[in-house]
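Each remark here refers to the structure printed beneath this line.
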Amino acid sequence: MDSQYETKKNDPNAIMPYGESSGDEHVGEVRGMGGDIVSKEPEAQNGHAKFHRLGWKRLTVVLIVEAIALGSLSLPGAFATLGMVPAVILSVSMGLTCIYTAHVIGQTKLKHPEIAHYADAGRVMFGRWGYEIISFMFVLQLIFIVGSHVLTGTIMWGTITDNGNGTCSLVFGVVSAIILFLLAIPPSFAEVAILGYIDFVSICAAILITMIATGIRSSNQEGGLSAVPWSCWPKEDLSLAEGFIAVSNIVFAYSFAMCQFSFMDEMHTPSDYKKSIVALGLIEICIYTITGGVVYAFVGPEVKSPALLSAGPTLAKVAFGIALPVIFISGSINTVVVSRYLIERIWPNSVVRYVNTPKGWMVWLSFDAGITIIAWVIAEAIPFFSDLLAICSALFISGFSFYFPALMYLKITRNDAKSIGMKYLLDAVNILCFIIGLIILGVGTYAAIQDIMDRYDRGEVSQPYSCAPVA
C-alpha cells in the first residue's frame, strides 16, 4: 500500500488517505472524512479528530452490534427446516464466505480512501447511475432494518407484560421507536462502540438462558433429551420456498458488509480492518452454529422463532428482558449509519456533518427523528412488513454481501494478486460469490413473495396500525 500512496502523492488530482497530504492543498486546509478537503477551522479540526478515533477492537465491537442481533435466535428454526447436517455446513460456509467478501470490501476501501459509504463504491464501479441505485438500496434497507427492530421491540414488550393487559400494541411500537431514537443520538461509531459491549453481553446472556432453559425443559420431559425428535436431514415434503426462507435466515445473519465502508471511514488505521472482520466472522460462526444446533437438538422441530419463546413463559420474559439492550442498540446503529450518509451527502463541504455546532446538532437530531418516524410508520402501516423486509433483503443484501464484492474484485482489486495462480484462484472464488448472490437474489425473492401469498391464504396477515398483539 505504501507504493500506491506514494503514487497518489505525485498525482495532484488524487484523493489522499486520511491525514496525508499531496503537498498541493491550500494553506489552511486539511482532508476530512472521505478524503475531501475541509477548512482548518476549529470545528472542522475537532470534527475530523472526532470521526477518526475508531481502532480495530472497537470496529469489531461496532460490527458485532450491527451484525449479531436477536435474529440469531431465529436460526434454530432454520436448523429445524434444513436438518442438522445441511444447516451446520451452510452456517460455517456462509460465515467463511462473508469473511472473504468483507476482505474484498476492505481492500477496495484501502485502494479508494474516498469511499465513505457503500454507495460511493457504486460510483467507483459504475459511475453516477451506480451511485444513485446503490444509494437507494442502502438507505431503504437500513430504514427497513430499523423498522424491524421497532416490531421486535413491540413483541418484546408484549411478551414481558403479557400484552400489557389489553394495552394497544401501537403504544409498545411508539415506546420502541423513542428508545431507538435516543440510542442513535451519539453520531460517532467510536461512541456507539461503548454501548456495543453492553449489546454483546446482552445477546450472549439471552442465548445462554435460552439454551439452558430449553435443555432443562427437554431433560425433564418423558424420555429426556433422547426423546427429542431432531433430524440430521431436511424435514419431509419441504417446499422450495420454505427451504430457501430457512437458507435466507442463515445467509442474512452473516450480512454485515453493508455498513463496513461506513465504519472503516472512521478508523484511524483503516488497514487494521482484517483483524476485525476475522474476529467478527469467527465469533458469528461459533454463536450461530452452536445456538442453532444446540437449541434445535433440545427442542426439536417444534422450536419457535425467536427460540427464546421455547424456553417457557417465565424464562421467555427473563430472556427478552436481558435481550432488551441488543434489540435497541443493534437497531439504533442503522439509524446512525443512514443519518451519517444522508448528512454527508447533503452537506459534503460543511462542518454541519461533524455534528459539533448548534446547527450540526439540530440537523443530526432532525435526521435521527425523521428516520425513526419513517421506520415506525412503514413497519406499522404495511401488514406484511416482515415479508417485505425479506424481499428487500433478498434484493439488496444479496448484492451488498455477495455479487457487489465480487464485482469490486473484478473491477478494482484483481490485479493486486501476488501471482497468476492466486489470481485465477481468486477469479474462481469471486465468480462463485457472484453466482451465490444471484441465486439469493432470484430464489430468495421468489420464496419471500410465495410466503406472503401463503400467509394471505391462511389469513395470517394483520391489519395496518392494529392494536392486536404482534406475533
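The aromatic rings of F126 and F404 lie tilted to each other, with the angle between the two planes from 30° to 60°.
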- Could you give me the CA-CA distance, side-chain angles and deciding distance for S91 and T289, then say whether side chain to side chain donor-acceptor pair (under 3.5 Å) is met? CA-CA 6 Å; S91 178; T289 307; 2.8 Å; yes
- Item | Candidate pair R340 and D265, rule salt bridge (Lys or Arg N to Asp or Glu O under 4.0 Å), full reasoning | CA-CA 11 Å; R340 285 273 296 274; D265 198 54; 5.3 Å; no
- Message: The test is side-chain contact (heavy atoms from CB on, under 4.5 Å); show your working for T291 and L75 and say whether it passes.
- Response: CA-CA 7 Å; T291 302; L75 296 185; 5.8 Å; no
- Query: Can you list the steps and then say if I105 with M408 is a side-chain contact (heavy atoms from CB on, under 4.5 Å)?
  - Reply: CA-CA 7 Å; I105 290 172; M408 289 177 203; 4.1 Å; yes
- Going through the distances and angles, do V303 and W230 end up as a side-chain contact (heavy atoms from CB on, under 4.5 Å)? CA-CA 10 Å; V303 64; W230 64 271; over 6 Å; no
- Task: Evaluate the side-chain contact (heavy atoms from CB on, under 4.5 Å) criterion for residues E191 and R53: first the C-alpha distance (whole Å), next the side-chain angles of each, then the deciding distance (0.1 Å), finally the verdict.
- Result: CA-CA 9 Å; E191 295 165 341; R53 295 180 295 158; 3.6 Å; yes
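At distances below 3.5 Å, not a single donor-acceptor pair connects side-chain atoms of S330 with backbone N or O atoms of I327. In this structure a side-chain-to-backbone donor-acceptor pair under 3.5 Å is missing from S218 to G215. At distances below 3.5 Å, at least one donor-acceptor pair connects side-chain atoms of Q260 with backbone N or O atoms of A102. Although no hydrogens or angles enter the test, the distance criterion places no donor-acceptor pair under 3.5 Å between the side chain of T269 and the main chain of S271. Under the 3.5 Å distance criterion, the side-chain polar atoms of T413 are left unmatched by any main-chain donor or acceptor of D416.
A distance of 9.0 Å separates OG of S276 from CE of M264, quoted to the nearest 0.5 Å. In this structure, the separation between CD1 on I89 and CD1 on I250 is 11.0 Å, given to the nearest 0.5 Å. Atoms CG and OG, from N249 and S72 in turn, are 11.5 Å apart once rounded to the nearest 0.5 Å. Annotation: the span from S339 atom OG to N334 atom CG amounts to 10.5 Å, rounded to 0.5 Å. In this structure, CG on L282 lies 5.0 Å from CD1 on I99, to the nearest 0.5 angstrom. Atom CG in L63 sits 8.0 Å away from atom CD1 in I333 (nearest 0.5 Å).
Between the side chains of T154 and S169, no donor-acceptor pair is found at a separation under 3.5 Å. For the 3.5 Å distance criterion, the side chains of S135 and Y341 qualify, holding a donor opposite an acceptor. Checked by atom type, the side-chain pair S74/S305 shows a donor-acceptor distance below 3.5 Å.
In terms of heavy-atom proximity, H149 sits nearest to V326 at CE1-O, 4.5 Å. Between S398 and G437, the shortest heavy-atom contact is CB-O, 3.4 Å. What you find for C259 and E66 is that their closest heavy atoms are SG-OE2, 3.8 Å. Summarising the geometry of T210 relative to A319, their closest heavy-atom pair is OG1-CB, 4.4 Å, with the distance given to 0.1 Å. Residues A67 and F256 approach most closely at CB-CB, 3.7 Å, considering heavy atoms. Residues L59 and Y273 approach most closely at CD2-CA, 4.2 Å, considering heavy atoms.
Contact annotation: the side chain of E344 approaches that of H117 to within less than 4.5 Å [non-hydrogen atoms, C-beta and beyond]. Taking the side chain as every heavy atom from C-beta outward, S393 and Q141 approach each other to under 4.5 Å. Side-chain contact between V299 and V228 is absent, with no heavy-atom pair separated by less than 4.5 Å. Between P306 and F320 the shortest side-chain heavy-atom distance falls below 4.5 Å. Side chains of V336 and W364 form a contact here, defined as non-hydrogen atoms less than 4.5 Å apart. Annotation: side chain of V337 is not in contact with side chain of M258 (no heavy-atom distance under 4.5 Å). Looking only at side-chain heavy atoms (C-beta outward), L73 and L309 stay at 4.5 Å or farther from each other. The shortest side-chain heavy-atom distance between T97 and F402 falls under the 4.5 Å cut-off.
Counting non-hydrogen atoms of other residues, nucleotides and ligands closer than 6.0 Å to NZ of K304 gives a total of 12 or fewer. Enclosure of atom NZ in K57 is not indicated, since only 12 or fewer non-hydrogen atoms of other residues, nucleotides or ligands lie within 6.0 angstrom.
Classification of K109 and E266 as a salt-bridged pair fails, no side-chain N sitting under 4.0 Å from a carboxylate O.
Under the side-chain contact (heavy atoms from CB on, under 4.5 Å) criterion, L183 pairs with I179, L195, F328, I329, S332, not counting sequence neighbours.
The six-membered or imidazole ring of Y288 lies near that of Y254, with a centre-to-centre distance under 6.0 Å.
Partner of F189 under the ring pair (Phe, Tyr, Trp, His ring centres under 6.0 Å) criterion, out of F51, F261, F263: F263 alone.
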